Student: 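Encoded as structure tokens, here's the structure I'll be asking about.
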Amino acid sequence: MQHHPLSDADPEVHNALKNEMNRQESDSLEMIASENFVNQAVLEAQGSVLTNKYAEGYPGNRYYAGCEYHDDVENLARERAKDIFGAEHVNVQPHAGSQANFAAYFSVLEKGDRVLGPVLAHGGHLTHGHPVNFSGHIFDFDTYAIDEETERFERDEIVEAAREHDPDLIVSGYSAYPREIPFDAFREAAEETDAVLMTDIAHVAGLVAAGIHENPFPDWDIVTTTTHKTLRGARGGMIMSREGLAEDIDRAVFPFSQGGPLMHQVAGKAVSLRLAQERDYREYQQQIVDNAQALAEGLQENGFRLVSGGTDVHLVLADMSSKDMTGKEAESLLEDAGIVVNKNMIPYDERSAKVTSGVRIGTPALTTRGMEESELRYVADLIGRAVNGETDRVREEVEDLLHEFPLYEDAENSY
Ligand SMILES: *Cc1c(COP(=O)(O)O)cnc(C)c1O
């Protein structure tokens with residue numbers, strides 16, 4: 001087959017990719033809490049010939065011939081995930097976190113069954129019962145809330161909500177919660193109501209893998225995750241469970257909700273999990289949390305109020321009313337200064353999801369670049385100056401900082 005370098009085959013896409021590499025490498029501080037940068041080895045696996053083949057089914061039991069090497073790759077991914085998380089069963093085929101949750105629900109629930117999930121404005125994900133999402137359409141969701149005083153999920157309120165609603169399944173795990181998931185409370189709530197215990201560790205998976213955040217296994221029935229957030233892997237989803245649910249989970253992924261797996265992505269997940277088994281991975285994850293705490297202290301010194309007063313994890317949630325502005329205004333001022341964050345509702349927010357009172361700021365991506373506490377304190381000052389309108393000078397300092405912490409080798413010539 002004739003080889004066409006991308007620059008010849010499609011100069012327009014080639015150009016967009018070069019621009020994006022340049023944006024990531026040297027244009028802005030990436031502080032969206034759900035984003036990270038993968039290792040070049042992961043990019044290589046994702047760009048491989050595994051994309052060429054159908055592999056419907058599972059290792060040793062495919063609907064197509066010729067899957068020997070696909071089996072090797074999928075088995076490696078599954079075994080590594082089992083080893084890292086202590087799971088009895090793993091399905092690495094979900095295309096993304098939302099697809100993992102779709103299949104996870106349907107592995108144990110029927111249409112109309114009762115689920116207890118977080119109030120959406122309290123840090124949950126769309127797939128935890130939002131009316132615009134399949135979850136809110138198909139299942140009967142009730143909610144538990146963050147305590148207004150402590151701004152944390154508290155045991156008594158969770159157990160009380162479970163008693164009141166008697167759910168078939170209880171879901172925990174959040175996209176914008178700066179504290180540990182209180183697993184004990186959910187364990188107790190599920191015991192009282194005989195509900196299936198599911199948690200979605202999409203955001204904190206890397207911290208769990210490194211033993212920094214409590215691990216839901218061996219007690220949990222189902223644990224879903226993305227592989228591309230703190231875990232720092234290829235984009236995708238994954239479902240882990242106890243052995244007794246293995247067949248139900250696998251069937252709910254294929255044939256119930258997906259067709260052929262994206263095996264080049266599964267290869268990317270396998271490589272990511274291999275890297276998560278290395279010795280320095282724990283240090284990386286600890287640095288993410290140390291950096292978030294340094295950022296939190298720096299922001300507080302700059303007069304920002306933080307939801308729950310700080311963080312245990314990889315992100316902070318800043319209440320921008322402490323700066324007399326909305327989340328939307330703050331997001332835009334920061335973007336102009338080269339600091340990329342997202343507006344986010346805070347618990348008991350009086351503003352809509354399109355405006356919000358908060359911004360969510362995360363440290364995984366900057367930590368991947370090699371930044372440590374002193375840089376994050378400096379970044380907190382830059383954030384303070386940027387929201388005060390010092391746009392141009394902050395942007396220059398951001399560019400200098402990025403230059404000091406290069407990301408990809410030979411970024412000029414790759415993407
Ligand atoms: C990001 C996220 C998801 C969904 O992931 P996608 O890959 O975007 O579908 C699910 N649950 C939680 C808690 C998340 O933060």
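Whatever order the structure lists ligands and atoms in, that order sets their numbers, starting from 1. Please read all numbers here as calculations on a predicted model, not as lab measurements.
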Student: Of all residues at least two apart in sequence or in a different chain, which pass the side-chain contact (heavy atoms from CB on, under 4.5 Å) check with Ala386?
Tutor: Leu334, Ala337, Val394
Student: Present, as a list of atom pairs with distances to 0.1 Å, all nitrogen or oxygen contacts under 3.5 Å between ligand 1 and the protein.
Tutor:
unit_1   : atom_1 : unit_2 : atom_2 : d
ligand 1 : 7 (O)  : Gly97  : N      : 2.9
ligand 1 : 9 (O)  : Gly97  : N      : 3.4
ligand 1 : 9 (O)  : Ser98  : N      : 2.8
ligand 1 : 9 (O)  : Ser98  : OG     : 2.7
ligand 1 : 11 (N) : Asp200 : OD1    : 3.4
ligand 1 : 11 (N) : Asp200 : OD2    : 2.5
ligand 1 : 15 (O) : Ser175 : OG     : 2.8
ligand 1 : 15 (O) : Lys229 : NZ     : 2.8

Student: Tell me the ring-ring contact (aromatic ring centres under 6.0 Å, His included) pairs involving residues 271-326, sequence neighbours left out?
Tutor: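 Checked against ring-ring contact (aromatic ring centres under 6.0 Å, His included) - neighbours excluded - the pairs reaching residues 271-326 are His203-His314.
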Student: Please confirm whether the ring centroid of Tyr415 lies under 6.0 Å from the ring centroid of His14.
Tutor: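 Between His14 and Tyr415, which both carry aromatic rings, the centre distance is below 6.0 Å.
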Student: Using a strict 4.0 Å threshold on nitrogen-to-oxygen distance, state whether Glu331 and Lys328 make a salt bridge.
Tutor: no
Student: Of all residues at least two apart in sequence or in a different chain, which pass the side-chain contact (heavy atoms from CB on, under 4.5 Å) check with His213?
Tutor: Glu180, Ile181, Phe183, Val204, Leu207, Val208, Val313
Student: Can you confirm whether the side chains of Gln287 and Glu373 place a donor and an acceptor under 3.5 Å from each other?
Tutor: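 On atom types as modelled, these side chains qualify, holding a pair under 3.5 Å.
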